[in-house]
*Asks:* 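Pasting in a structure now, in structure tokens, and then I'll have a few things to ask.
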Amino acid sequence: MSTTGVRTVDWIVTDLDGTLVGRDKEIVEPSLAALRRFMDAGGTVVIATGRSEAAALPYYRALGVTTPAILYNGARVVDLSTGAVLHRRCLSAASWAELTMLFGSLSEGVWPVAFSGGRAHVVSESPTLREYADRDGITLTRIGAWGDLPLDDITKVMMVCDRPELMDPAEELVSAKVEGVTLVRSESTYLEALPAGATKGAALRELAAARGVALADVAAIGDNPNDLDMIQAAGLGAAVGDGAEAVRAAADIVVAACADGAVADLVARVLP
């Protein structure tokens, strides 16, 4: 904890689900109050999430932030107050084509979701997909075939699994057959294929550089493997206490569990 009477970082960059947002899909109240205290002290809060614009917007508004949001695990940086896309990466046409050819080979119980034009698209329905859409507060748009989507405007592909044990085979298959993608696990049943080089950490580096903020003056917090390079890029990397073991091992500090105010714990360490 700071003993100097001033903030020890300028930015706090926080993941949403499992970090700032609890299982009830609400921002954990002590963490919300702490972030407001941090902003009142002149600090800046940045959201970094795998969610889309529509799925992140309610939390952006609840926090009252005006900073750009890192979305789609780093594939887009968006000013959610205006909808302006400040930075974007898309899957190459070749990678998207390879993925679509692979979808039929995925294990039963692995459900692809393709994001394009700010919308989530599916070609089939399942209870798992409905649960995913409800969790993120989004609408899944049913299309006739993957070829209905534009080749050059696929932000990311989500593979939502019925069970965690389906993740390894799905990742192994995509890794072996598809070039030019970054694979991340954002939840125990969520495997994401992102454009090459698209990570939360890469987006953080670009955004901080554009705003003239040194990474040494940034604290970042997350709970899942998709947060790893973000917390490693920041001057202070924090892992949620009940987050993935790999994230806790890589972090500079381990804070409280999400429900116990993980972000509030981080704020207490950087602001007296």
Side-chain angles (χ1 to χ4, degrees), residues 1-51 53 55-71 74 77-84 86-87 137 200-201 203-223 227 230-231 233-243 251-272:
M1 181 182 295
S2 169
T3 58
T4 63
V6 296
R7 286 180 291 103
T8 58
V9 298
D10 292 331
W11 282 14
I12 289 178
V13 183
T14 179
D15 170 52
L16 289 180
D17 299 289
T19 299
L20 181 62
V21 176
R23 293 183 179 277
D24 61 357
K25 297 183 283 189
E26 300 291 334
I27 297 177
V28 176
E29 187 57 39
S31 293
L32 176 60
L35 286 180
R36 287 175 173 165
R37 185 167 69 93
F38 180 75
M39 289 188 285
D40 287 344
T44 295
V45 174
V46 175
I47 290 170
T49 177
R51 287 175 175 256
E53 292 90 340
L57 187 58
Y59 302 108
Y60 182 88
R61 289 173 172 164
L63 285 168
V65 296
T66 58
T67 49
I70 297 170
L71 305 176
V77 178
V78 180
D79 181 343
L80 288 176
S81 63
T82 65
L86 306 180
H87 174 81
K200 289 185 182 182
L204 170 57
R205 292 181 184 94
E206 291 163 355
L207 182 59
R211 296 300 173 102
V213 175
L215 289 171
D217 296 324
V218 175
I221 180 170
D223 69 314
D227 300 312
M230 178 179 78
I231 67 171
L236 178 65
V240 177
D242 55 348
D252 298 310
I253 58 172
V254 177
V255 295
C258 173
D260 295 333
V263 177
D265 189 356
L266 173 61
V267 172
R269 296 169 188 252
V270 301
L271 181 69

*Asks:* If you take all heavy atoms of L266 and V255, which pair is closest and at what distance?
*Replies:*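 What the structure gives for the nearest pair is N-CG1, 4.1 Å.
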*Asks:* Using a strict cut-off of less than 4.0 Å between a Lys/Arg side-chain nitrogen and an Asp/Glu carboxylate oxygen, indicate whether R269 and D265 qualify as a salt bridge.
*Replies:*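 So R269 pairs with D265 through a salt bridge.
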*Asks:* CG of L32 to CD1 of I27: how many Å apart, nearest 0.5 Å?
*Replies:*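 So the gap between those two atoms works out to 5.0 Å.
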*Asks:* Work out which heavy atom in A56 is nearest to a heavy atom in R51; give both atom names and the distance.
*Replies:*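 Nearest heavy atoms, A56 then R51: N-CB, 4.2 Å.
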*Asks:* Quick one: are L20 and Y59 in side-chain contact, heavy atoms under 4.5 Å?
*Replies:*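 A side-chain contact under 4.5 Å is absent here.
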*Asks:* To check you understand the geometry: which heavy-atom pair defines the closest contact between S31 and A262, and what is its length?
*Replies:*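 Distance-wise, the nearest heavy atoms are OG-N, 3.9 Å.
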*Asks:* What's the shortest heavy-atom distance between D242 and C258, and which atoms?
*Replies:*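 Closest pair (atom of D242, atom of C258, distance): OD1-N, 3.2 Å.
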*Asks:* Within a strict 4.5 Å, meaning less than it, do heavy atoms of the L71 and T49 side chains meet?
*Replies:*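 Yes. Closest side-chain heavy atoms under 4.5 Å.
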*Asks:* Are more than 12 heavy atoms from other residues, nucleotides or ligands located less than 6.0 Å from atom CZ of R37?
*Replies:*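 For R37, atom CZ is crowded (more than 12 foreign heavy atoms under 6.0 Å).
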*Asks:* Measuring from D223:CG to D15:CG, what's the distance to the nearest 0.5 Å?
*Replies:*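 It is 5.0 Å, given to the nearest 0.5 Å.
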*Asks:* Which atom pair, heavy atoms only, marks the closest approach of T67 to Y60?
*Replies:*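 Minimum heavy-atom separation between T67 and Y60: O-CE1, 3.1 Å.
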*Asks:* With a 4.5 Å heavy-atom cut-off, do F38 and V263 have their side chains touching?
*Replies:*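 No, every pair of side-chain atoms sits at 4.5 Å or beyond.
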*Asks:* First locate atom CD1 of I47, then atom OG1 of T19, and finally report the distance between them rounded to the nearest 0.5 Å.
*Replies:*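 Spacing of CD1 (I47) from OG1 (T19) equals 12.0 Å.
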*Asks:* Given side chains that start at C-beta, do those of H87 and P68 come closer than 4.5 Å, heavy atoms only?
*Replies:*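 H87 vs P68: side chains apart.
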*Asks:* Looking only at non-hydrogen atoms, find the nearest pair between I231 and A238 and report the distance.
*Replies:*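 Smallest interatomic distance, heavy atoms only, reads CG2-O, 3.7 Å.
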*Asks:* Taking side-chain contact (heavy atoms from CB on, under 4.5 Å) as the criterion, tell me which of T44, L215, V45, D217 meets it with W11.
*Replies:*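 Going through the options one by one, the only one that passes is T44.
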*Asks:* Compare all side-chain heavy atoms of I70 with those of M230 and state whether any distance is below 4.5 angstrom.
*Replies:*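 I70 vs M230: side chains apart.
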